[in-house]
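What you see is a predicted model, and the numbers here were worked out from it, not measured in a lab.
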Amino acid sequence: MLNSLSSFKFFDSHFHIIDPAFPLVENQGFLPDFYTVADYRQRLSAYQLAGGAIVSGSFQGLDQSYLIATLKQMGPQYVGVTQLSHETTDQEILRLHDAGIRGTRVNLKRGVAKDLDDLDSFGRRIHELAGWHIELYIDSRELVDLKDRLLLLPSVSIAHLGLSGDGFATLLQLAEKGVRVKATGYGRVDFPVAPALKDLTLANPDSLMFGSDLPCTRAPRPYADEDFQLVIDTLGEDQARKVFYDNAVSFYRPAAH
């Protein structure tokens with residue numbers, strides 16, 4: 001197993017840093033344990049880690065200070081996906097872009113985002129201004145009603161394989177049309193992962209981006225090294241390289257890779 005971990009360049013498309021130096025906001029009665037940069041690097045020390053996307057959690061609200069500080073600590077091969085108000089100014093978006101942020105998260109699963117009236121205009125504005133994408137944390141059963149709107153957006157990703165098998169057919173249709181899907185949070189989904197990885201790869205070999213989801217807050221099962229190995233066993237080494245690195249780097253375009 002350890003040989004496999006170190007044999008593939010890995011851009012971790014989805015993880016969280018929870019730094020005790022910065023404030024947290026209780027979400028749905030939940031506050032996470034701290035998880036520092038040192039904790040993260042130690043956990044993945046056996047991997048050929050070559051960058052990643054640090055994602056703001058529901059418990060971090062609209063705070064940008066922790067993310068900017070973390071990106072400075074991690075280096076230019078890392079990017080951020082943050083949470084923003086639709087009313088954020090162009091000037092602020094460009095400031096955050098200069099700090100390494102490359103997208104904004106719409107968190108429907110945890111109730112952070114409720115009003116999607118501005119999704120279309122905001123998604124186009126951030127892409128035209130800074131090349132950013134919209135990332136959805138959503139149960140895929142809700143994708144049926146959103147599909148046509150999402151296909152009009154210039155750049156979209158969906159986290160954790162869409163969570164639900166009931167909406168997986170819609171997720172496949174979106175992947176086929178260019179929406180990126182994160183192969184993350186295996187312990188969160190309610191369907192077998194290996195067939196889903198195969199189906200998504202057949203729909204679009206450029207769609208899947210693997211991530212650890214560390215520290216896996218509120219997940220029924222935390223990340224395991226076997227999750228990484230499953231990609232290799234299911235898709236083969238050539239496609240695994242795309243899922244572990246190439247697809248995410250082409251999507252996030254970090255400053256150095």
Side-chain angles (χ1 to χ4, degrees), residues 12-18 24-32 35 52-64 66-67 79-86 88 101-120 122-123 126 132-147 149-151 153 155-168 170-172 174-175 179-191 193 196 200 207-223 227 248 251-252:
D12 188 350
S13 74
H14 192 106
F15 68 97
H16 308 280
I17 297 296
I18 308 165
L24 297 175
V25 179
E26 187 175 285
N27 173 258
Q28 299 175 341
F30 174 80
L31 278 175
Y35 194 77
I54 307 160
V55 179
S56 287
S58 57
F59 40 78
Q60 285 157 325
L62 301 180
D63 176 44
Q64 310 301 325
Y66 98 90
L67 187 52
V79 301
V81 178
T82 194
Q83 295 172 148
L84 283 180
S85 164
H86 293 150
T88 303
I101 293 171
R102 296 292 181 266
T104 186
R105 192 183 201 202
V106 177
N107 190 333
L108 295 168
K109 175 66 175 176
R110 301 298 180 195
V112 176
K114 296 181 177 68
D115 184 0
L116 295 180
D117 289 346
D118 296 315
L119 179 65
D120 306 339
F122 189 60
I126 61 175
W132 285 14
H133 68 283
I134 292 285
E135 175 175 314
L136 289 175
Y137 184 17
I138 187 173
D139 188 307
S140 58
R141 286 174 291 191
E142 299 181 48
L143 290 174
V144 175
D145 293 335
L146 287 175
K147 184 180 74 169
R149 291 179 67 183
L150 295 180
L151 289 176
L153 291 174
S155 188
V156 178
S157 69
I158 295 173
H160 307 324
L161 296 167
L163 298 172
S164 173
D166 287 346
F168 189 74
T170 306
L171 186 70
L172 278 178
L174 290 168
V179 170
R180 301 298 186 105
V181 178
K182 290 187 173 183
T184 54
Y186 291 5
R188 301 180 190 272
V189 306
D190 66 2
F191 52 85
V193 171
L200 285 161
S207 178
L208 277 176
M209 306 183 296
F210 186 82
S212 67
D213 188 34
L214 289 168
C216 310
T217 56
R218 291 190 269 194
R221 173 180 73 76
Y223 175 72
D227 296 342
F251 185 65
Y252 288 110

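Here the straight-line distance linking atom OG of Ser207 with atom CG of Leu171 works out to 7.5 Å at 0.5 Å rounding. How far CD1 of Ile54 is from CZ of Arg102: 12.0 Å, rounded to the nearest 0.5 Å. We find the CG-CZ distance between Leu84 and Arg105 to be 13.0 Å, quoted to the nearest 0.5 Å. Atom CZ in Phe15 sits 11.5 Å away from atom CG in Asp213 (nearest 0.5 Å). Of the inter-residue distances, the one linking Ile126 atom CD1 with His133 atom NE2 reads 8.0 Å to the nearest 0.5 angstrom.
The side chain to side chain donor-acceptor pair (under 3.5 Å) search around Asp12 returns Tyr40, Ser212, not counting sequence neighbours. Every residue two or more places apart in sequence or in another chain was checked for a side chain to side chain donor-acceptor pair (under 3.5 Å) with Tyr186, and none qualifies. Considering only residues two or more places apart in sequence or on other chains, Ser56 meets the side chain to side chain contact (heavy atoms under 4.5 Å, CB included) condition with Gln60, Tyr66, Leu67, Thr82, Gln83.
Between Leu146 and Ile138, some side-chain heavy-atom pair lies under the 4.5 Å cut-off. For the pair Thr184 and Leu161, the minimum side-chain heavy-atom distance is 4.5 Å or more. For the pair Val193/Asp227, no side-chain contact is recorded, criterion being any heavy-atom separation below 4.5 Å from C-beta on. Considering only heavy atoms from C-beta on, Leu200 comes within 4.5 Å of Leu172 through its side chain. The shortest side-chain heavy-atom distance between Glu142 and Leu136 does not fall under the 4.5 Å cut-off. Taking the side chain as every heavy atom from C-beta outward, Ile18 and Thr217 approach each other to under 4.5 Å. The shortest side-chain heavy-atom distance between His16 and Tyr35 does not fall under the 4.5 Å cut-off. At least one side-chain heavy atom of Tyr223 sits less than 4.5 Å from a side-chain heavy atom of Leu214.
In this structure a side-chain-to-backbone donor-acceptor pair under 3.5 Å is present from Lys182 to Ser13. Of the possible polar contacts, none joining the Ser157 side chain to the Arg180 backbone as a donor-acceptor pair under 3.5 Å is found.
When all heavy atoms of Ser155 and Phe251 are compared, the closest pair comes out as OG-CE1, 3.3 Å. Considering all non-hydrogen atoms of both residues, Ser140 and Ser164 come closest at OG-O, 2.7 Å. Taking every heavy atom of both residues into account, Leu143 and Leu150 meet most closely at CD2-CD1, 3.8 Å. Looking at every heavy atom in both residues, Ser85 comes nearest to Leu62 through N-CD2, 4.1 Å. In terms of heavy-atom proximity, Asn107 sits nearest to Tyr137 at OD1-CD2, 3.4 Å.
Using the six-membered ring where Trp is involved, Phe168 and Phe191 have ring planes that are tilted, between 30° and 60° apart.
We find that Arg141 and Asp190 are not joined by a salt bridge, their nearest charged nitrogen and carboxylate oxygen being 4.0 Å or further apart.
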